[in-house]
Protein chains: 2
Amino acid sequence: MRETIWSRQRTAAPARETLSREQIVKMAMLVLDEEGVAGLSMRKLAARLGSGATSLYWHVPTKDDLVDLLIDEVWAEIDVPEPELAGWRSGALLFGHSLRSAVLRHPWLPEVMYTRPSVGPHAMALGERGLVLFGAAGFSAREVDLAMGSVMSYVLGTVSAEVATREMVRKSGRSEESWVSELLEQAEAAAGDYPQMRESVRRRTSTDLDSELTANFVFGLDALLDGLEARVKK
Amino acid sequence: MRETIWSRQRTAAPARETLSREQIVKMAMLVLDEEGVAGLSMRKLAARLGSGATSLYWHVPTKDDLVDLLIDEVWAEIDVPEPELAGWRSGALLFGHSLRSAVLRHPWLPEVMYTRPSVGPHAMALGERGLVLFGAAGFSAREVDLAMGSVMSYVLGTVSAEVATREMVRKSGRSEESWVSELLEQAEAAAGDYPQMRESVRRRTSTDLDSELTANFVFGLDALLDGLEARVKK
DNA sequence: CGAGATAGTCGTACAGTGTGCGAGTGACTA
DNA sequence: TAGTCACTCGCACACTGTACGACTATCTCG
């Protein structure tokens, strides 16, 4: 089997005090969570670790590979309930919420996730547990794949859009309320000729952002799960 | 009202032959479609237009703003049927497919889309037509927003993941079959301890990539629309 | 104990990036 | 004819990822 970035592991304990891949990944995750993709550079990362920039390259082939490792690290955070404990439907709901909150903790994910397929070990483990969960619903083998895929796609798509909004608020530096009211104003101007849009924006800015986004997420997930459940009952 | 990148327009015909924002956007779109986000640099773009790199900055404030324009250009390509013509359900289906194929034509979109909210004029127009379509289904005003949002999120999420796979095949330079068989091999190795995953990968690589991805997309969209439809019938 | 291999660090350098600045140029208006 | 406006563009700056090769500290083997 060919060597991959996933398979490479340190064979023995390091002689003197050295960098380690785990250390690098950990620090990179911190930087990414704090400063986003644009804030992560090999030089800055190395500086934070108190080492030279090119030292990192002994532990990690390229920056892209480092990002692959970081993405896989996120997949490790998601829990998928065993179907016996909660039943399929509420298990899937829990899974969806867990996936969402992991992405919200790592808002840089959407920006990089869609440029590469996820094939790391934690992605595999996640997939396995997901298939077990959806397998318990009574789908045909083929439908299990499709159902899990559509739920993941829905969740990731929704939360990715959510992150875009949230990050914009964060970067604007202003308070949520002032931002929302400005958005309203701006959108009403931009949506001037579009009465439905104007009304929609008004509706959506009437509650606080957080519960609005959550309601959004839950509504679609629920509908999707309904649709999937109907398929199994036939 | 504040000036935005959307509102700025040339006031009169140019005196001599000059660059124009439309020209720049058009060429940038070409470059992006061909070479992806990484392939678009202001210098290369200018070179293709036969001008100096910094000349572009007279027409466009920053590269990021240019990308905003390009994204909005994509939204212009999507058609949303009027509900009278097709009825809500099949209208939504058509809308979904149109959205999907637009993204497939511009596979760079997912990489940049989720880093900013879309508030350009074509995004607004798209939203308006979408709201009209979903409004015809008999949802409450609030549900119209939620339903349209969830369908868009599902479609964009699914097709974004799809693009990640397709681009990987494309970049590998190899034929689809050889790539698929290698993926199979690799995934079976990676999924060694994961029996469900192994079976799932095997199932998914048994047909050709194109119809596999399409079936995937349709399955989830259908389920979601079922779930939404059920909400309106109550 | 000595020699060589191994594991790891890192300074330098290269080819690129986005873009601010200010000088320059051609056409139109007064 | 003078001046202003619309537009172009070379240079420079600070930054990026990473290839290369020199360097050193430790471990292994004879």
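Numbers restart at 1 for each chain; the letters A, B, ... are given by sequence-line order, proteins then strands.
Inspection of the A:His106 and A:Glu77 side chains reveals an N or O donor paired with an N or O acceptor under 3.5 Å.
In this structure, B:Trp58 atom CH2 and D:dC7 atom P are separated by 4 Å, rounded to whole Å. Atom P of nucleotide C:dT19 and atom NE2 of B:His59 are separated by 16 Å, given to the nearest angstrom. Atom CZ of A:Arg21 and atom P of C:dA7 are 15 Å apart (whole Å).
By the salt bridge (Lys or Arg N to Asp or Glu O under 4.0 Å) test, A:Asp68 is found to be paired with A:Arg116, residues two or more places apart in sequence or in another chain being considered. Not counting sequence neighbours, B:Lys26 has no partner by the side chain to side chain donor-acceptor pair (under 3.5 Å) test. Applying the side chain to side chain donor-acceptor pair (under 3.5 Å) test to A:Ser200 and every residue at least two apart in sequence or in another chain returns A:Arg204, B:Asp145.
Axis angle, first five pairs versus last five pairs of the helix from C:dC1-D:dG30 to C:dA30-D:dT1: 10°, rounded to 10°.
Counting only residues at least two apart or on different chains, no side chain to side chain donor-acceptor pair (under 3.5 Å) pair has a member in residues 148-159 of chain A.
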Task: Nucleotide-resolved protein contact map, nucleotides 14-22 of chain D, B/S/- at heavy-atom distance under 4.0 Å - done: --BBBB---

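In this structure, A:Ser55 does not reach the C:dG8 phosphate: none of its side-chain N or O atoms is under 4.0 Å from OP1 or OP2.
Formation of a donor-acceptor pair under 3.5 Å by the B:Ser98 side chain with backbone atoms of B:Ile78 is not found in this model. A donor-acceptor pair is defined here as one N or O able to donate and one able to accept, closer than 3.5 Å; such a pair exists between the side chain of B:Lys44 and the backbone of B:Gly39.
To the nearest 0.5 Å, atoms CZ (A:Arg100) and CZ (A:Arg105) are separated by 12.0 Å.
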